[in-house]
Number of protein chains: 2
Amino acid sequence: MELTSNPAVKAEKTMGLPVFDTDMCAEDMDRMAANAMKASNFLKAIGHEGRLMILCHLASGEKSVTELEDLLSARQAAVSQQLSRLRLEGLVNPRRDGKAIYYSLADDRAKQIMEVVYDLFCREE
Amino acid sequence: MELTSNPAVKAEKTMGLPVFDTDMCAEDMDRMAANAMKASNFLKAIGHEGRLMILCHLASGEKSVTELEDLLSARQAAVSQQLSRLRLEGLVNPRRDGKAIYYSLADDRAKQIMEVVYDLFCREE
DNA sequence: TGTACAATTCACATATTCATATTATGTATT
DNA sequence: AATACATAATATGAATATGTGAATTGTACA
């Protein structure tokens, strides 16, 4: 696969991914690099044991920070910082209810990745 | 979603992901944490602009280190190190042919993730 | 208003990641 | 064997990420 969204790329091969050889123009390379940067930022955001477990728990419904704190056996400040990162990345949404703040999954991006991750790392054996 | 592979988890909800509430036993939590660690290591490996672009280029066929060096406009040592990381993670395989070493994608894991990443970051707009 | 609780933010120490330079290894060629 | 080339491995410092404790903000309630 490659990371341009240029409609002029070659026809698809075995999978749903576009294919290209060595005939990319500089513009394509730039777009590819830009996309790669966005994508790697996203992957870094979810590439953390604690944050991954948070997303995982949120998939079954919204949770307060203290609930997550218990579920992860982690300190409040740490959980809060991890949530902060996920918030910045637009992956979760906070909702205040009284003293507690409940977090939920924000969009489908995390869900889509998590589904693949689940298949790869939690279903096999 | 959650990261256990316990068959006793609740029925699936909207997506293909299992759901659970607060009734996980310690054993489940351990398995989940172990899976989360494996998964986050994997995500860290591909969550790097250079490595992502390498995987991306390899998706269209095996490439030598010098070819990748040119494609990424990166130094030899850097590319080699990134390949080394991908090798350790089992994502790519080297094949020696004379002086050159050709790398190719090792398994489907990378491809599966990359396909989703491509949809999320290279198709939209 | 004062107190308790939930969550965030800050400042710091530590750990990890990364890029670069340098050195080493393996292969072909002479 | 000697040399050149392609790649790998190692070492070092800079940058980044992470966890911890203390201080801070926001909310509810007496």
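Reminder, nothing fancy here: chain letters follow the sequence lines and each chain counts from 1.
- The side chain of His48(B) contributes an N or O atom lying less than 4.0 Å from OP1 or OP2 of dA19(C).
- When each of dT20(C), dT9(C), dC5(C) is scored by its nearest atom to the side-chain atoms of Lys99(A), the top-ranked nucleotide is dC5(C).
- Residue Ser80(A) is classed as a base contact, given a heavy-atom separation below 4.0 Å to a base.
- For Lys44(B), whose side chain is taken as the heavy atoms from C-beta onward, the closest listed nucleotide among dT8(C), dC5(C), dT17(C) is dT17(C).
- Listed candidates were dT20(C), dT8(C), dA6(C). Nearest to the side chain of Ala78(B) is dT20(C).
- For Arg75(B), a side-chain nitrogen or oxygen approaches OP1 or OP2 of dA21(C) to under 4.0 Å.
- Put simply, the side chain of Ser84(A) never gets that close to the backbone of Ser80(A): no donor and acceptor are under 3.5 Å apart.
- Along DNA chain D, the stretch of nucleotides lying under 4.0 Å from any heavy atom of chain B spans, 5' to 3', dC5(D) to dA11(D).
- Minimum atom distance to the side chain of Ala77(B) is reached by dT22(C), of the listed dT8(C), dT22(C), dC18(C).
- For the pair Arg75(B) and Glu69(B), the salt-bridge criterion is not met [side-chain N within less than 4.0 Å of a carboxylate O].
- Between Thr66(A) and dA7(C) there is a side-chain N or O to OP1 or OP2 distance below 4.0 Å.
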Between side-chain atoms of residues 44-55 of chain A and protein atoms elsewhere (two or more places apart, or another chain), which donor-acceptor pairs fall under 3.5 Å?
unit_1   : atom_1 : unit_2   : atom_2 : d
His48(A) : ND1    : Gly50(A) : N      : 3.0
His48(A) : ND1    : Arg51(A) : N      : 3.1
Arg51(A) : NE     : Ala45(A) : O      : 2.5
Arg51(A) : NH2    : Lys44(A) : O      : 3.2

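- Picking from dA28(C), dA7(C), dT20(C) the nucleotide with the shortest atom distance to the side chain of Gln81(B) gives dT20(C).
- Under the 4.5 Å side-chain contact rule for hydrophobic residues, Leu105(B) and Tyr102(B) do not share a cluster.
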